[in-house]
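Keep in mind that what you see is a predicted model, and the values were worked out from it rather than measured. In what follows, chains are A, B, ... by sequence order, proteins preceding strands, each numbered from 1.
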Amino acid sequence: MNYWLMKSEPDTFGIDDLFNRPGQTEHWDGVRNYQARNMMRDDMKIGDQVFFYHSNCDEPGIVGIMQVVREAYPDFTAFDPDDKHFDPKSNPDKPTWYMVDVKFVRKLSRNISLRELKLKTELGDLALLRRGNRLSIMPVNAEQWAFILGLE
DNA sequence: GCCAACGTTGGC
DNA sequence: GCCAACGTTGGC
């Protein structure tokens, strides 16, 4: 089993939005970065555990846990001209973009903030903390996962 | 709102 | 294939 971290802006889709979805499940659409897509398409498996990270907000940080419940399939929002993430170069016969379905597992008892994570030398290799990192999906190794949960 | 970092685009 | 211009991300 693998561990991941996925970012979302709480103003757009936060942990509470996932909690309130039917079945507490939602497709993770709108990823338009090849590196992030490749991880979803090639490496994300059912049962993988994912940190839900709130980005671009007052207190960016890890707020909850979800799990992968459906493996990669075409991101249909790329075919919709009215969708914010429409991509005219992607077509249903040969989709460029993929998504997975994720299900709410639990909220953390508190927001483990980016500010706090940066202070932990144990997390030196965490992609989130690397300079200039902009990926919206990134791997977390087992040690990092356990360490972060230990901060809760 | 600013701006650093980085990905993408398109002219050549 | 190079690289300048441009767009986006996301912390601050």
Side-chain angles (χ1 to χ4, degrees), chain A residues 2-21 26-44 48-68 71-141 143-145 147-152:
Chain A
N2 290 314
Y3 299 102
W4 306 94
L5 179 148
M6 301 207 291
K7 298 179 184 173
S8 184
E9 301 187 15
D11 288 348
T12 306
F13 186 79
I15 185 82
D16 290 326
D17 295 304
L18 181 62
F19 181 84
N20 289 319
R21 280 291 186 276
E26 183 62 296
H27 49 269
W28 203 264
D29 63 88
V31 172
R32 297 292 180 268
N33 171 282
Y34 286 101
Q35 234 183 309
R37 179 208 64 184
N38 291 347
M39 286 188 276
M40 273 201 300
R41 190 190 56 189
D42 303 334
D43 299 326
M44 275 198 190
D48 281 4
Q49 301 287 111
V50 186
F51 282 135
F52 195 128
Y53 178 90
H54 279 175
S55 66
N56 212 357
C57 56
D58 284 349
E59 189 77 62
I62 296 168
V63 295
I65 297 172
M66 46 195 175
Q67 65 177 337
V68 177
E71 293 176 10
Y73 61 106
D75 181 343
F76 52 77
T77 66
F79 312 137
D80 177 2
D82 295 327
D83 193 277
K84 182 177 180 230
H85 301 290
F86 175 60
D87 179 1
K89 294 194 296 301
S90 185
N91 71 78
D93 295 331
K94 200 174 184 306
T96 307
W97 305 112
Y98 286 79
M99 60 188 175
V100 299
D101 285 357
V102 289
K103 179 172 182 160
F104 178 88
V105 173
R106 70 178 179 90
K107 285 193 206 182
L108 299 189
S109 58
R110 65 186 188 86
N111 176 358
I112 300 177
S113 69
L114 176 64
R115 185 173 41 80
E116 177 178 355
L117 294 171
K118 280 180 170 172
L119 299 173
K120 307 297 179 185
T121 53
E122 293 89 339
L123 297 174
D125 288 338
L126 188 67
L128 181 71
L129 304 182
R130 280 206 288 267
R131 177 184 160 82
N133 166 68
R134 278 174 30 197
L135 277 178
S136 63
I137 297 177
M138 63 191 75
V140 175
N141 71 36
E143 291 74 21
Q144 293 161 345
W145 180 273
F147 180 81
I148 291 168
L149 281 183
L151 299 173
E152 184 185 11

Measure all distances between protein nitrogen or oxygen atoms and nitrogen or oxygen atoms of nucleotides 4-6 of chain B, and list the pairs falling under 3.5 Å.
from	atom 1	to	atom 2	distance (Å)
B:dA5	OP1	A:R131	NH1	3.1
B:dA5	OP1	A:R131	NH2	2.1
B:dA5	N3	A:R134	NH1	3.1
B:dC6	OP1	A:R131	O	3.4
B:dC6	O4'	A:R134	NH1	3.4
B:dC6	O2	A:R134	NH1	2.4

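- As rounded to whole Å, 15 Å separates atom P of C:dT9 from atom OH of A:Y53.
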A:R32 vs A:T77, test: side chain to side chain donor-acceptor pair (under 3.5 Å). Steps then yes/no. CA-CA 11 Å; A:R32 297 292 180 268; A:T77 66; 3.1 Å; yes
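- A search for salt bridge (charged side-chain N to carboxylate O under 4.0 Å, His left out) contacts involving A:E122 returns nothing, not counting sequence neighbours.
- Minimum heavy-atom separation, A:V102 to A:W28: CG2-CE3, 3.7 Å.
- With sequence neighbours left out, A:D87 forms a salt bridge (charged side-chain N to carboxylate O under 4.0 Å, His left out) with A:K89.
- If you take CG of A:L119 and P of C:dG11, they are 15 Å apart, rounded to a whole angstrom.
- Between the P atom of B:dC3 and the CG atom of A:N56 lies a distance of 17 Å, rounded to the nearest Å.
- The interatomic distance linking A:H54 (NE2) with C:dG11 (C1') rounds to 16 Å, in whole Å.
- With sequence neighbours left out, the ring pair (Phe, Tyr, Trp, His ring centres under 6.0 Å) criterion links A:F76 to A:H27.
- The phosphate of C:dT8 has neither OP1 nor OP2 within less than 4.0 Å of any side-chain N or O from A:K7.
- Checking B:dT8, B:dG7, C:dC12 against every side-chain atom of A:Q35, the shortest atom distance belongs to B:dG7.
- Residue pairs meeting the ring-ring contact (aromatic ring centres under 6.0 Å, His included) criterion with at least one partner in residues 98-127 of chain A, sequence neighbours excluded, are A:F19-A:F104.
- For the helix from B:dG1-C:dC12 to B:dC12-C:dG1, the end axes, each set by the C1' atoms of five terminal pairs, are bent relative to each other by 10° (nearest 10°).
- Comparing C:dG10, B:dG7, C:dG11 against the side chain of A:S136 picks out C:dG10 as the nearest.
- In this structure, A:Y73 has its ring center at least 6.0 angstrom away from the ring center of A:W97.
- No hydrogens or angles considered: nothing links the side chains of A:S113 and A:N111 as a donor-acceptor pair under 3.5 Å.
- An OP1 or OP2 oxygen of B:dT9 is reached within less than 4.0 angstrom by a side-chain nitrogen or oxygen of A:K89.
- Look at CZ on A:R32: it is 15 Å from C1' on B:dG7, rounded to the nearest Å.
- Put simply, CG on A:D58 is 13 Å from P on C:dC12, counting in whole angstrom units.
- As a whole-Å value, the separation of A:H85 NE2 from B:dT8 C1' is 17 Å.
- A:M40 CE to A:M99 CE: the interatomic distance, rounded to the nearest 0.5 Å, is 9.0 Å.
- The separation between A:Y34 atom OH and B:dG7 atom P is 13 Å, rounded to whole Å.
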